[in-house]
Amino acid sequence: PEVLPQTVFCDPQVVLTKMTELVEYHHKLKDCPDKGVAAERDLVKFRDHGLLSVELLNKFPKHYTEGLFTPHDILELLVSVGAIAVIRDSVYLMPALLPHLDSGQVSKYHERGGTSLIIRSTQGCIPSGLFCCLVAHLLSGPTNQSPWKVCMKRDKPLCLYRNCITFQLKHTTELVTLVDMF
């Protein structure tokens with residue numbers, strides 16, 4: 001009700017289909033990295049960093065109906081369920097599309113002075129997707145005013161992987177690296 005109050009989904013499959021379409025297209029770009037990407041800056045950002053925008057979603061018009069269900073609506077809906085995060089105006093991150101970092105490489109991305117947070121469960125394994133949802137939640141925060149941001153160095157993410165992400169707390173120099181060890 002808080003998100004898209006004017007829309008009622010009789011069949012939520014359209015949302016799942018849109019997410020599947022994005023994941024499949026992302027994997028197609030990964031498998032053929034140069035296919036149609038060279039001139040498309042937003043496709044490169046999508047392929048390499050899991051970044052989405054309304055402009056990118058406009059390339060997939062199949063499931064949208066102007067005035068009823070738009071690319072902006074799907075982004076708003078995906079933010080509300082923790083699948084993506086707003087990282088700046090009109091730019092969204094889908095953590096599940098990020099590459100996986102080999103556990104032996106994780107220490108390479110740990111910045112001196114930063115604090116690592118390792119997520120573990122006393123029940124055994126952590127549910128699949130929890131880490132990506134946590135990342136999306138931290139970045140979006142309440143009313144998208146999160147104190148967390150992806151740490152950047154020379155306009156590139158310092159450490160941005162599906163299982164290891166370095167954040168900087170806004171308005172400070174403090175860094176926090178979240179690591180999913182599973």
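Because only heavy atoms are used, hydrogens play no part in the values below, and waters and symmetry mates are left out as well, while side chains stay in.
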Undergrad: Nearest heavy-atom pair of Ala83 and Ala136: which atoms, and what distance?
TA: C-CB, 4.5 Å

Undergrad: Between Leu75 and Val54, is there a side-chain heavy-atom distance shorter than 4.5 Å?
TA: yes

Undergrad: Side chains of Ile87 and Leu51, heavy atoms from C-beta outward: is any pair under 4.5 Å?
TA: yes

Undergrad: Ala96: what forms a side chain to side chain contact (heavy atoms under 4.5 Å, CB included) with it, not counting sequence neighbours?
TA: Cys132

Undergrad: Would you give the length of the straight line joining atom CG of Leu138 to atom CH2 of Trp148, rounded to the nearest 0.5 angstrom?
TA: 5.5 Å

Undergrad: Does any non-hydrogen side-chain atom of Phe131 lie less than 4.5 Å from one of Val179?
TA: no

Undergrad: Check for a donor-acceptor pair, side chain of Asn163 on one end and backbone N or O of Leu101 on the other, with a separation under 3.5 Å.
TA: yes

Undergrad: CD of Glu21 to CG of Leu57: how many Å apart, nearest 0.5 Å?
TA: 9.0 Å

Undergrad: Under a 4.5 Å cut-off applied to non-hydrogen side-chain atoms, are Val135 and Phe167 in contact?
TA: yes

Undergrad: Does the side chain of Tyr161 come within less than 4.5 Å of Pro99's, by heavy atoms?
TA: yes

Undergrad: My understanding is that only residues two or more places apart in sequence, or in another chain, count here; which of them pass ring-ring contact (aromatic ring centres under 6.0 Å, His included) with His49?
TA: none

Undergrad: If we only count heavy atoms from C-beta on, is the Cys164 to Leu178 side-chain gap below 4.5 Å?
TA: no

Undergrad: Can you measure from NE2 (His27) to CG (Leu29) and round to the nearest 0.5 angstrom?
TA: 10.5 Å

Undergrad: Side chains of Ser53 and Ser90: do they bring a donor and an acceptor to under 3.5 Å?
TA: no

Undergrad: Taking Ser140 for its side chain and Val86 for its backbone only, find out whether a donor-acceptor pair lies under 3.5 Å.
TA: yes

Undergrad: Do His26 and Phe46 have ring centres separated by under 6.0 Å?
TA: yes

Undergrad: Apply the test side-chain contact (heavy atoms from CB on, under 4.5 Å) to residues Tyr92 and Val79: give CA-CA distance (whole Å), side-chain angles for both, the deciding distance (0.1 Å), then the verdict.
TA: CA-CA 9 Å; Tyr92 302 81; Val79 167; 3.8 Å; yes

Undergrad: Would a 4.5 Å heavy-atom cut-off, applied to side chains only, mark Asp73 and Leu77 as touching?
TA: no

Undergrad: Kindly say whether Leu98 contributes a backbone atom to a donor-acceptor pair with the side chain of Arg162 at under 3.5 angstrom?
TA: yes

Undergrad: If we ignore hydrogens and angles and just use 3.5 Å, is the side chain of Gln168 paired with the main-chain N or O of Thr172 as donor and acceptor?
TA: yes

Undergrad: Could you tell me if the side chain of Ile165 sits less than 4.5 Å from the side chain of Thr177, heavy atoms only?
TA: no

